[in-house]
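Chain A is the first sequence line, chain B the second, and so forth, proteins listed ahead of strands; every chain is numbered from 1.
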Amino acid sequence: MNLFTDIRALVLDSLSAMMDEGALPAGLDTGNVAVEPPRDPAHGDMATNAAMVLAKPAGGKPRDIAEALAARLSADTRIARVDVAGPGFINMALSDTVWQDTVRHAILTGPDFGRSDLGQGKRVNVEFVSANPTGPLHVGHTRGAVFGDALAALLDFAGYEVTREYYINDGGAQVDVLARSVYLRYLEANGQEVAFEDGTYPGNYLIPVGEALAAQYGDALVGKPEAEWLDDLRDFATDAMMHMIRADLAALGIEMDVFFSEKSLYGTGRIEEAIENLRARDLIYRGVLEPPKGKRPEDWEPREQTLFRSTAHGDDVDRPIMKSDGAWTYFAPDIAYHHDKIERGFDLLIDVLGADHGGYVKRLKAAVSALSEGRVPLDVKLCQLVKLWKNGEPFKMSKRAGNFVTLRDVVDQVGPDVTRFHMLTRKNDAPLDFDFAKVLEQTRENPVFYVQYAHARVCSAQRKAREAGLNVDDAALAGADLSGLTHPSELAVARKLAEWPRMVEIAGRTNEPHRIAFYLYDLASEFHSLWNRGNEEPALRFVQDGDEATTRSKLALARAVTVVISAGLGILGVTPVEEMR
RNA sequence: GGUCCCAUAGCUCAGCUGGAUAGAGCGCACGCCUCCGAAGCGUGAGGUCACAGGUUCGAAUCCUGUUGGGACCGCCA
């Protein structure tokens with residue numbers, strides 16, 4: 001149930017009736033007719049631009065069309081008042097029963113209130129995190145992880161069939177570096193002094209891996225040439241890192257459906273197959289690229305490479321897929337990986353990447369466009385940097401100095417709920433401040449707290465009612481007479497609730513889960529406002545001593561608020577609390 | 001040089017497939033607890049939506065250009 005689409009349907013029905021009767025020319029395109037909440041509440045609950053959109057094609061004056069349409073709309077019982085305003089807006093005020101019904105509907109539908117069929121069961125693959133398996137996840141990954149997981153949950157709620165996927169970069173040079181680094185730790189575990197030169201990973205997190213190796217191999221690998229241990233140690237170390245990364249993700253409440261190994265693309269013909277697919281479309285050729293304009297790399301010299309004609313699908317230059325020495329570039333397995341996703345039958349692909357990968361968006365889209373013949377859209381969501389603050393000072397991370405902050409550090413200090421919510425309080429392409437002190441503050445400026453507080457207040461009121469011996473179960477609340485919910489502050493809360501299904505669709509259409517977080521803040525604000533009004537007007541308090549019927553109707557409204565907050569927090573992956581502590 | 005992202009109140013930021021008088025928090029000024037949790041609520045001041053053109057009934061939103069900030073730019077992933 002989405003009130004806005006319901007009313008839009010009413011508007012469209014009325015328009016087609018007018019066309020049938022000749023009041024409007026037949027066959028008008030009504031695609032641009034919108035029904036939205038007006039910015040100014042004085043304009044009513046719903047406004048439509050129908051008259052202005054149709055005036056030109058219909059060859060009439062906006063106000064004339066508006067008057068005729070308004071007359072029809074006013075016949076509907078849901079609509080209390082219609083007026084034509086401004087250049088031809090039709091403003092509608094809905095009757096109180098509409099909002100009361102919304103409250104009842106929210107309670108009866110429960111966690112499914114707001115679910116949408118926007119996705120129509122289409123299969124979407126959300127790839128996120130995909131950090132190199134060479135160390136623990138850090139704060140930057142945390143944002144992508146939370147964003148991707150919340151986006152996946154949002155799309156599920158919006159009617160898609162969602163797969164959460166992690167691409168393991170275990171096929172490149174960096175896992176060889178990992179293996180050598182682990183070998184050093186292994187030697188260390190065997191009592192040797194070792195030095196970590198440039199190009200190795202010095203992090204302490206590899207110490208236990210070295211110890212585990214020593215436990216398994218003893219000193220059998222000491223002094224042996226690299227060729228004898230590289231393959232085994234690479235697998236061993238990669239497994240250990242992925243084990244750690246999975247645990248990191250689990251600490252945030254994230255569970256992937258698929259871990260896809262880059263290595264599985266090599267030596268299996270998968271890369272060749274994808275490239276042949278492109279070659280068959282005449283998109284692969286041997287050639288020499290122009291040097292980059294502006295600052296030219298020192299060692300640049302023209303070389304012939306194998307190139308993907310990505311310019312045929314919207315890229316700015318063609319991209320190398322094979323180096324001059326005959327090895328694949330990293331882009332080749334990326335192509336094969338996306339080819340694989342397309343072959344698995346997804347209708348929509350989403351890649352969540354760090355902002356520093358912005359330069360790869362066009363070539364990835366070109367590859368997916370070419371491989372799927374334009375059938376499968378790829379949406380790339382870039383997550384901007386997270387700026388850390390400690391004690392009011394910006395906190396600079398440096399891997400070299402070993403003071404980089406890990407996902408685990410953050411979750412251990414502030415908890416998964418606060419971490420997740422806060423990561424979604426900015427849109428993905430805006431930089432985000434993360435202040436270890438501020439995110440734990442319990443004030444209005446901290447949205448996590450503010451939303452949780454609203455939820456806790458409802459639970460508190462419910463407890464109080466129960467202590468008074470009242471049945472406030474959902475069935476009792478939904479069955480209550482809600483016709484007494486008529487105060488402007490109460491209706492304001494109900495109106496906000498009615499926006500929930502619409503918010504889900506907007507957020508789902510734009511792939512922007514942060515909209516859910518902002519909506520929840522707005523809803524909490526309306527609720528707190530009503531709650532505090534009870535200080536001055538006792539008639540607005542949720543629990544009315546000695547008046548069970550009124551208490552039930554007011555608690556129904558409050559319960560509907562928690563239904564939506566729970567559902568919204570559920571999408572964000574945050575647990576609602578029943579009391580603050 | 002090129003590509004992508006960003007520019008909205010003193011500060012941090014929202015702003016719906018283009019809608020009416022552009023919103024919130026913080027900060028500032030002033031109010032509200034013998035009262036369901038005041039960890040909250042209310043009122044007020046505060047804006048050339050970076051700039052200049054264009055598209056149209058209508059632009060913070062779409063297009064072009066300019067300025068300023070960030071990211072990236074063959075044989076690293």
K.L.:
If you assign A:A461 and A:K56 each to the RNA chain B nucleotide with the nearest heavy atom, which residue ends up on the more 5' nucleotide?
P.N.:
A:A461
K.L.:
Where along nucleotides 19-28 of chain B does protein come under 4.0 Å, by heavy atom, of base (B) or sugar-phosphate alone (S), with - for untouched nucleotides?
P.N.:
BB---SSS--
K.L.:
Under 3.5 Å between N/O atoms: give me all the protein pairs with nucleotides 6-9 of chain B, atom names plus distance.
P.N.:
| from | atom 1 | to | atom 2 | distance (Å) |
| --- | --- | --- | --- | --- |
| B:C6 | OP1 | A:D429 | OD2 | 3.3 |

K.L.:
So A:R457, base contact, sugar-phosphate only, or nothing? Heavy-atom distance under 4.0 Å.
P.N.:
sugar-phosphate
K.L.:
Could you pull out all residues at least two apart from A:A58 that satisfy side chain to side chain contact (heavy atoms under 4.5 Å, CB included)?
P.N.:
A:L24, A:P25, A:L28, A:I65
K.L.:
For A:F542, answer base if it contacts any base atom (sugar-phosphate contacts may also be present), sugar-phosphate if it contacts only those atoms, and nothing otherwise; contact means non-hydrogen atoms under 4.0 Å.
P.N.:
base
K.L.:
Between B:G74, B:U12, B:A38, which one does the side chain of A:P320 approach most closely?
P.N.:
B:G74
K.L.:
Any base atoms under 4.0 Å from A:R509, or only sugar-phosphate, or nothing? Heavy atoms, all strands.
P.N.:
sugar-phosphate
K.L.:
For RNA chain B, just give me the dot-bracket, please: Watson-Crick or G-U, both distances below 3.5 Å, ( ) intra-strand, [ ] crossing earlier pairs, | paired with another strand, . unpaired.
P.N.:
(((((((..((((.....[...)))).(((((.......))))).....(((((..]....))))))))))))....
K.L.:
By nearest atom, which of the nucleotides B:G40, B:C75, B:A71 is closest to the A:D356 side chain?
P.N.:
B:A71
K.L.:
With sequence neighbours excluded, what pairs up with A:D64 under the side-chain hydrogen bond (donor to acceptor under 3.5 Å, both in side chains) test?
P.N.:
none
K.L.:
With sequence neighbours excluded, what pairs up with A:V574 under the side chain to side chain contact (heavy atoms under 4.5 Å, CB included) test?
P.N.:
A:D417, A:R420, A:F421, A:Q452, A:L569, A:L572
K.L.:
Can you say whether a donor on the side chain of A:N532 sits under 3.5 Å from an acceptor on the base of B:G40, or the other way round?
P.N.:
yes
K.L.:
How would you list, by chain and number, every residue that makes a ring pair (Phe, Tyr, Trp, His ring centres under 6.0 Å) with A:F89, sequence neighbours excluded?
P.N.:
none
K.L.:
With nearest nucleotides of RNA chain B determined for A:Y330 and A:Q305 from heavy-atom distances, which residue corresponds to the more 5′ nucleotide?
P.N.:
A:Q305
K.L.:
For A:Y519, which residues count as a ring pair (Phe, Tyr, Trp, His ring centres under 6.0 Å) partner, sequence neighbours excluded?
P.N.:
A:W500
K.L.:
Once side chain to side chain contact (heavy atoms under 4.5 Å, CB included) is applied, do any residues pair with A:A42, and if so which ones, sequence neighbours excluded?
P.N.:
A:D40
K.L.:
Does A:F518 have any ring pair (Phe, Tyr, Trp, His ring centres under 6.0 Å) partners at least two apart in sequence or in another chain, and if so, which?
P.N.:
A:H514
K.L.:
List for me each residue that meets side chain to side chain contact (heavy atoms under 4.5 Å, CB included) alongside A:H141, sequence neighbours excluded, and say none if there are none.
P.N.:
A:A131, A:L137, A:H138
K.L.:
With sequence neighbours left out, write down each residue that passes ring pair (Phe, Tyr, Trp, His ring centres under 6.0 Å) with A:F449, or none if nothing qualifies.
P.N.:
A:Y453
